[in-house]
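The model shown is predicted, which means the values in this text are computed figures rather than measured ones. Order of appearance sets the numbers: ligands from 1, and atoms from 1 within every ligand.
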Amino acid sequence: MKFGYFDDENREYVVTRPDTPLPWINYLGCQAYFGIISNTAGGYSFYRDARLRRITRYRYNNAPFDLGGRYIYLRDDHSGEFWSPSWQPTRHKLEQYFCRHGMGYTVIGSRYSGLEASTRYFVPLDENLEIWQLTVTNHRPHAAELSVFSALEFCLWDAQDDSTNFQRNFNIGQVEIEDGVIYHKTEYRERRDHFAFFACSEKIAGYDTQRDSFLGPYRGWDNPAAVERGRSSDSVAHGWAPMGSHHVKLSLKPGETRQIVFVLGYQENPRDQKFDPCDSQIINKKAAKATIAKYLVTANADAAFEKLHLYWNELLGLCRVETPDAHTNRMVNIWNAYQCMATFNMSRSASFYESGIGRGLGFRDSNQDLLGFVHMVPGRARERILDLAATQLPSGGAYHQYQPLTKRGNNDVGGGFNDDPHWLIIGVGAYIKETGDWSILDEPVPFDNAPGSEAPLYEHLQRSFRYTLERLGPHGLPLIGRADWNDCLNLNCFSDSPGQSFQTTTNKDGKVAESVFIAGLFVLSGREFAEIARHRGLAAEASSYLAEVAKMEATIRKHGWDGEWFLRAYDDFSRKIGSRENVEGKIFIETQGFCTLAGVGLEDGLAVRALESTRKLLATEHGIVLQQPAYSKYYLEYGEISSYPPGYKENAGIFCHNNPWVIIGETRVGNGDAAHDYYTRINPSAREEISEVHRCEPYVYAQMIAGRDAPTHGEAKNSWLTGTAAWNYYAITQWILGIRTSYDGLLIAPVIPKTWRGFKVSRKFRGVTYHIQVQRAGDGNQVCLELDGTPIQGNMVPLPPAGTSSVAVKATLR
Ligand code: GLC
Ligand code: GLC
């Protein structure tokens with residue numbers, strides 16, 4: 001069952017009924033001002049940091065689920081009837097409804113009682129504000145006398161405090177109202193130099209800034225007293241809950257259309273110019289007023305929208321594919337790339353599942369996210385890498401997370417996740433391969449942000465690599481530390497008290513438990529690093545890395561192979577995890593995926609066998625589960641993984657992030673059919689038809705789909721902010737379609753389904769557009785290349801001479 005459809009032409013998903021199984025959201029903003037918006041106008045806005053600069057209020061885990069947003073009420077002043085054109089919060093029956101989620105904007109509209117109303121929400125480029133453009137048309141044969149009410153609730157900036165510290169909060173709210181503009185200035189008088197404004201293009205009949213005056217006692221957003229009676233109370237918030245609502249009276253002739261523009265924005269003032277007059281407590285509104293005046297003009301708002309549109313055209317135009325599979329095309333050309341930009345901007349901070357007050361930017365997450373966005377925003381990828389590297393510790397280990405606002409490592413979580421340092425090598429490798437910018441390796445970067453500790457980025461990578469060699473366990477495999485990629489495999493934790501963090505509680509000295517996953521990661525990152533060293537002319541160093549990699553591979557074969565698949569780990573008693581010897585958790589996806597993608601066991605058939613076992617034991621119609629059998633009870637020695645009920649999250653859920661590892665593994669053994677089949681199983685677009693099962697948005701990946709042990713097998717959770725976005729983008733573009741960046745040029749190495757006759761890609765790479773056409777002439781993956789009509793050896797397109805703007809590549813697969 002579907003709740004809408006894809007409009008690929010306009011790069012939109014169109015929701016056609018408001019009661020989607022869960023709120024289906026979109027992101028507004030892509031630089032500093034951000035918003036989340038659902039298909040019923042729920043969600044909130046913030047400046048840079050969803051915790052520390054929250055502009056509007058939203059209530060998580062509410063009933064109904066989606067409450068708090070950017071609301072408009074329409075009231076027929078003749079009959080007194082009122083409704084929300086976005087359905088929420090009144091949930092009034094509508095005659096027609098649609099929500100178009102597009103690239104950086106959302107339009108929600110409906111029709112009721114002869115009146116059509118739609119609102120376009122977006123954040124202009126280079127501005128710290130959002131625009132709501134409301135268009136109302138009267139289709140009645142007679143005039144309509146209407147009242148329009150806008151409504152939003154301000155957050156008192158720190159979202160954590162806002163939802164906990166009520167003894168203070170109920171006393172601090174402050175606003176100013178001037179020329180119909182509502183200014184939210186809580187805490188401005190003391191230590192803040194920022195405020196929010198909410199403006200309206202029309203002359204207003206009234207306003208409200210105190211929530212309880214607008215709603216009335218014992219009422220909710222579905223039935224505000226002000227809207228019911230058709231009159232605001234011109235309330236001025238003192239404490240309690242400051243809000244913003246404008247009341248506009250609108251008379252529409254038959255057939256008439258009118259537009260009202262609302263602007264909600266964030267403004268910072270220089271410390272010494274906070275007040276006007278300067279000895280008063282009144283906000284200096286000079287800068288804000290100019291901005292407001294500009295965007296309340298429809299033509300300026302339209303021009304800003306056009307600019308945003310061009311921005312996305314350009315980003316999404318960098319890599320375009322045309323394959324026989326519509327779901328592949330749609331995801332690569334539109335939604336998967338778009339989601340990669342969301343994970344770049346948000347990391348794991350703010351979605352409808354991430355509350356925006358918890359985690360900062362993850363070290364491993366952000367490095368992996370790079371794989372999906374580096375071709376779109378290389379400059380910002382560079383900055384991200386340097387920020388991440390600056391939180392690396394002198395040991396080579398890393399803070400697990402850092403705060404985007406301060407760019408400092410997060411001490412609450414600390415370090416000791418022993419996979420973390422290697423992701424930096426993977427991230428830097430991806431960046432250089434994309435851009436050819438070798439200079440990044442010479443950038444001086446501090447350790448632990450300590451001034452004076454700067455060393456070239458290259459040295460950071462050396463320390464990352466050494467970190468593992470200095471931390472090998474009894475079998476010669478890497479010690480796991482607090483956890484590896486799987487945050488929930490906590491082999492040194494042994495926690496038996498409620499409330500303890502599985503990640504940061506450590507009861508063991510960590511000298512025994514080992515990770516086969518990190519061993520696989522070491523093989524991948526070690527090879528990457530060796531190539532980087534070789535390119536720098538450090539041949540001896542490169543060979544020494546390769547020697548360590550070979551040693552690690554041998555160790556994996558000896559102590560990390562279970563007979564039919566790769567082991568997962570050794571616990572603190574040196575007992576196997578992910579082995580046929582175990583009663584539960586006999587086989588795990590991470591090592592099957594990661595070892596095969598890193599190329600372990602390609603020559604001697606171990607890779608093929610591991611992938612066969614994966615297919616037999618872990619694959620389901622909804623994707624590949626994390627392990628089997630699921631843990632049915634809590635294992636003190638395994639930690640959080642066994643705390644989840646079977647089938648959810650890391651306990652045998654389909655953790656979509658690691659499915660693409662298996663996909664890439666399948667391409668490495670040449671199995672394009674299997675690779676694309678797995679790709680399709682979790683492709684949200686391909687799952688659109690079962691939206692009642694999947695329940696999350698059909699246009700973006702979710703972190704998890706419930707595994708077969710769960711009663712809700714196939715149900716997705718935690719959509720949007722997941723490493724799944726980058727990894728799937730990388731798997732489909734670079735491994736299945738095989739258009740792969742390398743240090744010396746673009747590799748063409750497709751491993752596609754047998755039934756595909758071919759495909760086309762246009763890809764911008766280091767300033768040159770490659771028009772690539774791939775044709776099948778046989779069943780295999782052997783590539784013959786022609787470059788601008790001339791056959792060349794091998795499957796690497798060398799970098800063209802400077803000044804070349806485009807290259808035509810023809811590849812024949814035999
Ligand atoms: C979450 C974390 C990620 C981790 C994964 C598996 O997605 O953000 O860092 O690797 O869970 O536990
Ligand atoms: C929990 C989640 C895991 C996530 C981690 C982040 O352990 O289960 O997916 O990576 O929190 O700290």
Side-chain angles (χ1 to χ4, degrees), residues 339-340 342-351 353-356 358-372 388 391 397-402 404 410 413-424 426-427 480-491 493 501-504 515 517-518 520-521 524 568-569 577-578 585 588-591 593-594 597 623-627 631 638-644 648-662 682 696 700-705 707 716-728:
Q339 186 180 2
C340 286
T343 58
F344 162 62
N345 284 317
M346 298 290 126
S347 187
R348 307 295 174 266
S349 72
S351 69
Y353 307 86
E354 300 283 6
S355 63
R359 311 195 243 171
L361 267 72
F363 193 88
R364 81 157 82 86
D365 291 342
S366 295
N367 274 302
Q368 291 173 78
D369 289 347
L370 238 121
L371 295 170
L388 284 164
T391 67
Y399 278 104
H400 197 45
Q401 294 163 3
Y402 79 94
N410 178 344
V413 189
F417 295 75
N418 284 352
D419 62 316
D420 272 337
H422 289 280
W423 297 113
L424 183 63
I426 305 291
I480 195 168
R482 283 180 164 157
D484 58 23
W485 171 87
N486 190 331
D487 269 333
C488 297
L489 194 60
N490 316 117
L491 305 182
C493 174
S501 154
F502 288 104
Q503 270 85 39
T504 58
S515 163
F517 171 80
I518 301 180
L521 176 60
L524 186 77
R568 178 61 177 85
I577 297 180
F588 280 68
I589 189 174
E590 295 103 314
T591 38
F594 222 87
L597 95 79
I624 311 167
V625 300
L626 195 140
Q627 97 276 26
Y631 293 123
Y638 297 166
E640 185 169 3
I641 189 169
S642 58
S643 74
Y644 287 111
Y648 292 117
K649 296 277 286 183
E650 284 88 339
N651 188 13
I654 296 157
F655 213 93
C656 300
H657 184 146
N658 51 33
N659 277 228
W661 300 346
V662 176
I682 60 167
C696 278
V700 289
Y701 288 98
Q703 182 197 59
M704 187 209 59
I705 297 173
K717 276 190 200 135
N718 195 358
S719 53
W720 280 97
L721 303 183
T722 160
T724 313
W727 274 103
N728 271 300

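Looking at heavy atoms from C-beta onward, V700 lies in side-chain contact with W720 at the 4.5 angstrom threshold.
Within the 4.0 Å heavy-atom shell around ligand 1 one finds N486. At a 4.0 Å cut-off, not a single heavy atom of H657 sits close enough to ligand 1 to count as contact.
Taking the six-membered ring for Trp and thresholds of 30 and 60 degrees, W727 and H657 have ring planes inclined between 30 and 60 degrees apart.
Only the side chain of D365 comes within 4.0 Å of ligand 1, judged by heavy-atom distances.
Numbered from 1 in the order shown, with element, the atoms of ligand 1 that lie under 4.0 Å from a heavy atom of F655 read 5 (C), 6 (C), 7 (O), 11 (O).
With sequence neighbours excluded, the residues that form a side-chain contact (heavy atoms from CB on, under 4.5 Å) with A398 are F363, D420. Qualifying side-chain contact (heavy atoms from CB on, under 4.5 Å) partners for N345, counting only residues two or more places apart in sequence or in other chains: C30, F34, R380.
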